[in-house]
Amino acid sequence: MSSNAGTIKIVEVGPRDGLQNESKILPPSDRIQLIEKLVDAGLRFLEGGSFVSPKAIPQMENSEQVWEVLSGKIPEEIDLSFLVANEKGLERATKVGVKSIAVFTATSDAFTQKNINRTVMESINDFRPIVKAGKAAGMRVRGYVSTVFGCPYEGRQPIEKIVEVADALLKMGCDEISLGDTIGVAHPRQIKEVLSRLRSVLPMARLAGHFHDTRGMALMNIRAAADEGVRIFDSSVSGLGGCPYAPGSSGNVATEEVVWMLEGFGFHTGVDVEKLLTLGEWLEAKLARPMRGRLFQSKPKLLNYFEA
Ligand code: HMG
Ligand code: MG
């Protein structure tokens with residue numbers, strides 16, 4: 001790739017996807033500080049939390065507070081998005097004036113039942129009026145498809161199912177569709193197959209790649225997806241995260257590693273790796289555990305590495 005390969009949009013999911021799977025529950029004040037530090041590192045698209053049952057995901061309780069404090073502080077152009085599980089989730093988001101939400105389903109019925117107590121079709125039917133109402137209220141709406149490249153209960157997923165679910169989310173009004181490798185089983189050949197098929201029916205510019213690094217393949221998979229034309233990737237600072245309903249899922253691919261790799265291929269991300277590495281130290285103190293990211297572990301002096 002050339003040294004000017006274009007711009008990649010990074011969606012930072014650490015404050016939601018990351019923290020939802022940490023055993024130490026951070027109070028909203030820490031979650032707010034984390035988001036402020038991420039914004040300071042150059043992230044412009046972030047997940048701030050979720051409006052789901054606190055019995056299911058106690059780590060995301062009081063997400064209202066996160067939005068209420070930050071909406072008055074962060075620049076207008078920052079897209080701070082919140083997961084909405086159902087009508088009640090939308091009510092909570094609407095009440096505090098959230099401007100960006102995400103709905104979430106999967107290709108696999110077994111996973112979707114465990115995650116949100118619905119089949120995939122039931123979830124699509126339930127999300128349709130939620131997305132419509134969100135759009136009518138002027139919200140940005142993202143749609144997640146989990147288990148695209150494999151399900152912990154059903155294994156490999158039929159490609160037509162992936163097309164069907166992604167297409168249904170786009171048709172109901174989602175602005176962007178994030179394709180989740182929930183348990184980190186994807187490999188580059190499969191990515192090429194899935195994206196080649198999706199390209200024939202869906203606009204590539206609205207597809208995002210959401211890779212978990214369970215088997216150390218996430219960076220390779222991002223490279224493969226970028227080669228296929230994907231220009232939006234989700235990642236989590238210090239590789240925080242996982243999914244409580246997907247045994248074997250590990251953290252999302254680490255944001256600093258994605259940025260380091262993509263900048264190395266000549267893409268522009270606008271994200272400051274040094275600041276993310278410093279944030280890793282803050283997270284170690286807050287979460288009382290070592291951060292496992294390889295770039296973080298190596299603690300290099302990165303300044304000027306990419307200058308000519
Ligand atoms: P349910 O049991 O079918 O819901 O759960 P219900 O309507 O029967 O309600 C049960 C209880 O939850 C009630 O309380 C409700 O009030 C409460 P109770 O009467 O027992 O005291 N409740 C709520 N409370 C607050 N906010 C709400 C809400 N809804 C119900 N919105 C439900 C269905 C969806 C609620 C539940 O299963 C749930 O919250 N699941 C959490 C799912 C979740 O957050 N999963 C993780 C995110 S997905 C992910 O990580 C994958 C992704 O990263 C992509 C990838 O990697 O693949 C996106
Ligand atoms: Mg995830």
Side-chain angles (χ1 to χ4, degrees), residues 11-22 46-65 81-96 98 101-108 110-120 122-124 126-127 130 134 141-154 157 162 165-166 169 174 176-186 194 207-214 218 221 232-237 239-255:
V11 179
E12 170 60 48
V13 297
R16 191 281 306 172
D17 203 351
L19 294 184
Q20 79 179 8
N21 207 36
E22 292 291 335
L46 306 98
E47 277 190 334
S50 52
F51 297 115
V52 302
S53 161
K55 283 183 193 145
I57 311 280
Q59 293 89 339
M60 292 295 106
E61 199 166 6
N62 295 322
S63 283
E64 283 89 345
Q65 214 178 313
S81 166
F82 290 78
L83 246 59
V84 158
N86 50 16
E87 286 284 355
K88 183 165 184 170
L90 181 68
E91 270 169 37
R92 289 175 57 194
T94 307
K95 197 169 171 199
V96 293
V98 159
I101 61 168
V103 297
F104 53 106
T105 183
T107 54
S108 144
F111 173 83
T112 311
Q113 282 287 3
K114 290 209 190 313
N115 196 25
I116 50 174
N117 197 22
R118 281 156 182 75
T119 64
V120 172
E122 283 168 350
S123 75
I124 285 172
D126 286 356
F127 281 133
I130 292 174
V141 184
R142 192 171 215 231
Y144 277 103
V145 190
S146 287
T147 63
V148 166
F149 302 97
C151 167
Y153 314 107
E154 294 180 3
Q157 299 293 289
I162 304 167
V165 177
L169 287 170
C174 291
E176 188 173 292
I177 307 297
S178 176
L179 304 169
D181 182 20
T182 314
I183 53 167
V185 287
V194 168
L207 295 183
H210 178 108
F211 294 101
H212 286 254
D213 204 22
T214 321
N221 290 333
I232 310 168
F233 292 103
D234 303 352
S235 59
S236 170
V237 59
L240 294 173
C243 178
Y245 300 98
S249 80
S250 76
N252 295 83
V253 62
T255 306

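Count residues from 1 along the sequence. Order of appearance sets the numbers: ligands from 1, and atoms from 1 within every ligand.
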So the atoms of ligand 1 within less than 4.0 Å of a heavy atom of P54 turn out to be 24 (N), 25 (C)
Ligand 1 to H212, heavy atom cutoff 4.0 Å, flagged ligand atoms 56 (O)
Pull out every atom of ligand 1 sitting under 4.0 Å from any heavy atom of A85, numbered as shown with elements. 34 (C)
Over 60° means perpendicular and under 30° means parallel, so tell me whether F127 and F104 are parallel, tilted or perpendicular. tilted
Taking only non-hydrogen atoms of S146 and a 4.0 Å limit, the atoms of ligand 1 in range are 51 (C), 52 (C), 54 (C), 55 (C), 57 (O)
Would you say E87 contacts ligand 1, with heavy atoms under 4.0 Å as the rule? no
Can you name the closest pair of heavy atoms from G134 and V141 and give their distance? C-CG2, 4.5 Å
Would you confirm whether R92, through its side chain, and L90, through its main-chain N or O, come within 3.5 Å as a donor-acceptor pair? no
Checking distances from the Mg ion (ligand 2), one finds that the N, O or S atom of D17 closest to it is OD2
D181 and H210: side-chain donor and acceptor closer than 3.5 Å? no
Counting only nitrogen or oxygen atoms and a 3.5 angstrom limit, does R16 reach ligand 1? yes
Region of V84 engaging ligand 1 - heavy atom pairs below 4.0 Å: neither
For ligand 1, which atoms have a heavy atom of T182 less than 4.0 angstrom away? 55 (C), 56 (O), 57 (O)
For ligand 1, indicate whether the residue H210 contacts it via side chain, backbone, both or neither (heavy-atom separation under 4.0 Å). side chain
State, yes or no, whether a side-chain contact exists between F51 and E64 at a heavy-atom distance under 4.5 Å. yes
To check you understand the geometry: which heavy-atom pair defines the closest contact between A208 and E176, and what is its length? CB-OE2, 4.3 Å
Using heavy-atom distances, let me know which of I116, D126, D17, V52 sits nearest atom 44 (O) of ligand 1. V52
Do we get K114 above Y153's six-membered ring, with its NZ or CZ under 6.0 Å from the centre and within 45° of the axis? yes
In terms of atom number and element, which parts of ligand 1 are under 4.0 angstrom from non-hydrogen atoms of K55? 14 (O), 18 (P), 20 (O), 21 (O)
Which of the atoms of ligand 1 are close to F51, meaning less than 4.0 Å from one of its heavy atoms? 31 (N)
Record the part of F104 in heavy-atom contact with ligand 1 below 4.0 Å; permitted values are side chain, backbone, both and neither. side chain
Do S108 side-chain atoms and F111 backbone N/O form a donor-acceptor pair below 3.5 Å? yes
Hey, is ligand 1 close enough to L83 that some N/O pair sits below 3.5 Å? no
For A56, the ligand 1 atoms whose distance to one of its heavy atoms is below 4.0 Å: 38 (C), 39 (O), 40 (N), 41 (C)
Flag this pair as yes if the NZ/CZ of R16 is under 6.0 angstrom from the six-membered ring centre of Y144 and inside a 45 degree cone about the axis; otherwise no. yes
Tightest non-hydrogen contact, residues A106 and T147, listed as CB-OG1, 3.5 Å
